[in-house]
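Here's the structure we're looking at; comments come further down.
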Protein chains: 2
Amino acid sequence: MTRLESADTTTMQILKVAASHFAEKGLAGARVDEIARDAGVNKATIYYHIGGKAELYSEVFRANMHQSAEKLLSNVASKTSAEDKLRAYITTMVENLHDNPCAAPMMMREMASGGENIPEEGLNYVMRIFMTLTEILKQGQEEGEFRESNPAITHLMIIGSIMFYAAGEPMRQKLMTLFDGELPQQVFTDDGRLAAEISDLLVHALKN
Amino acid sequence: MTRLESADTTTMQILKVAASHFAEKGLAGARVDEIARDAGVNKATIYYHIGGKAELYSEVFRANMHQSAEKLLSNVASKTSAEDKLRAYITTMVENLHDNPCAAPMMMREMASGGENIPEEGLNYVMRIFMTLTEILKQGQEEGEFRESNPAITHLMIIGSIMFYAAGEPMRQKLMTLFDGELPQQVFTDDGRLAAEISDLLVHALKN
DNA sequence: GGGCTTTAACTAACCATTTAGTTAAACAAG
DNA sequence: CTTGTTTAACTAAATGGTTAGTTAAAGCCC
């Protein structure tokens with residue numbers, strides 16, 4: 001491994017570890033010392049490669065959003081009918097949050113703080129993702145497939161449910177061990193069926 | 001004002017201010033000095049009445065959950081049909097989060113951190129609220145009003161959308177000033193119609 | 001007098017950031 | 001080929017600001 005390659009993998013390792021710390025503890029709660037320790041590098045290496053805590057956070061957030069949004073937009077664009085686009089939208093969002101378990105917690109914390117630490121580029125993606133759904137719903141209405149609906153509410157229900165599902169895994173575990181006997185069986189779906197169930201419910205609600 | 005009353009109002013004032021700080025910055029991000037300053041009391045008064053930062057947080061969270069959950073359970077219990085109960089459930093939840101703007105952000109942060117700082121009593125309420133919806137859906141199915149559905153998904157869609165709406169207000173403001181021209185008109189509902197729109201969509205999706 | 005509150009330190013720990021190095025790979029000159 | 005030099009990558013230790021929590025003396029109001 002050449003020096004430059006080693007530098008790249010070091011940076012990647014730092015970003016990966018930082019993401020999990022920011023997801024679990026937030027920007028204020030995360031400790032640069034711990035990130036460095038878990039990444040197996042000296043703390044100063046983080047400052048050498050990336051910059052301070054704020055830059056580290058921004059970069060993690062930006063990279064997440066970039067990857068997720070690009071995949072979402074391209075998957076939706078590959079479909080033609082409004083229903084297929086809607087299903088692709090939901091399915092891809094579930095996949096993204098499954099592939100990147102840090103994204104949902106980080107996003108939820110940002111919502112709670114009014115998006116204080118979201119970098120500019122991140123806000124652009126938030127907007128594009130929302131506009132994409134608006135377009136899908138509009139197309140569905142124009143083609144007579146969907147009834148009229150408020151895109152903001154629909155968006156809320158999709159994003160809200162998926163984000164809560166993705167971020168809620170640790171909490172579900174906690175509840176399941178705490179209230180073992182009282183829970184009805186099978187209340188918690190697996191990832192695989194989540195997208196299908198949400199899509200079915202949504203399509204059922206939107207169809208004429 | 002008697003001595004005890006003065007102590008009570010001091011405590012209330014501290015809790016109220018602490019709630020807003022915890023909502024905006026989280027447990028790790030909030031500063032006890034700032035809470036004391038904004039509450040108009042000396043920092044020592046907080047330690048005298050309530051205890052340290054952790055106790056302050058627990059008490060704020062516990063009080064929120066207690067008030068919200070009791071209102072939710074009693075409002076649902078006052079209805080008889082499954083649809084009325086479901087509508088009461090949704091409406092009360094929207095009202096609760098409207099009356100107490102700190103609840104949604106605090107809850108979302110807790111979800112993100114796996115409920116690390118939720119006091120025992122709070123977890124009990126989370127469970128009871130979820131079980132209540134499960135009962136409503138079961139009743140609806142037994143009475144032939146609702147089709148079969150996964151209560152966990154339904155719960156996710158309700159809680160997720162309402163929480164995201166409630167916690168998302170500052171973010172919506174940010175997006176609206178940043179992307180002024182590009183936003184379609186009327187995409188963002190007002191609080192008053194939110195409960196009705198979610199209820200209608202949900203009932204439409206669940207009805208046979 | 002006694003419960004409540006303020007004032008105004010104080011400390012001990014924590015934590016982000018900086019500084020002053022060290023190491024080893026790449027490289028150039030002889 | 002090898003010796004000396006440069007440079008990127010990294011480390012260990014120090015620095016200095018911040019912060020939760022404490023304390024003691026004094027004042028206030030019933």
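Each chain gets a letter, A, B and so on, in the order the sequences are listed, and its residues count up from 1.
Nearest to the side chain of A/Y48, among D/dC10, D/dT22, C/dC4, sits D/dC10.
For B/I35 and D/dG21, the CD1 to C1' distance is 14 Å, given to the nearest whole Å. Atom CD1 in B/I14 sits roughly 11 Å away from atom C1' in C/dC4 (whole-Å rounding). Between A/L27 atom CG and C/dA16 atom C1' there is a gap of 12 Å when expressed in whole angstrom units. Counting to the nearest Å, the C1' atom of C/dT7 and the CZ atom of B/R37 are 17 Å from each other. Whole-Å rounding puts the B/H21 NE2 to D/dA20 P distance at 12 Å. Spacing between atom CD1 of A/I50 and atom P of D/dA9 amounts to 13 Å, rounded to whole angstrom units. Separating the OH atom of A/Y47 from the P atom of D/dA9 is a distance of 19 Å, rounded to the nearest angstrom.
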Can you tabulate the close N/O pairs, meaning under 3.5 Å, that link protein atoms to atoms of nucleotides 13-19 of chain D?
residue : atom : partner : partner atom : Å
D/dT19  : OP1  : B/R31   : NE           : 2.8

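Qualifying side chain to side chain donor-acceptor pair (under 3.5 Å) partners for A/R31, counting only residues two or more places apart in sequence or in other chains: none. Not counting sequence neighbours, the partners of B/K138 by the side-chain contact (heavy atoms from CB on, under 4.5 Å) test are B/E135, B/E142. Every residue two or more places apart in sequence or in another chain that forms a ring-ring contact (aromatic ring centres under 6.0 Å, His included) with B/Y57 is listed here: B/F22. Applying the side-chain contact (heavy atoms from CB on, under 4.5 Å) criterion to B/P119, with sequence neighbours excluded, gives B/S58, B/F61, B/R62.
Proximity of A/T10 to the phosphate of D/dA9: no side-chain N or O atom is located under 4.0 Å from OP1 or OP2. Between A/H49 and D/dA8, a side-chain N or O to OP1/OP2 separation shorter than 4.0 Å is absent.
In terms of position on DNA chain C, the residue among B/V41 and A/G51 whose nearest nucleotide sits closer to the 5' end is B/V41.
B/G40 comes within 4.0 angstrom of the backbone, heavy atoms only, and of no base.
Counting only distance, with no hydrogens or angles, the side chain of A/K53 and the backbone of A/L27 share a donor-acceptor pair below 3.5 Å. With B/K85 contributing its side chain and B/T132 its backbone, the two residues share no donor-acceptor pair below 3.5 Å.
Sorted by first and then second residue, the pairs that involve residues 65-122 of chain A and meet ring-ring contact (aromatic ring centres under 6.0 Å, His included), not counting sequence neighbours, are A/H66-A/Y125.
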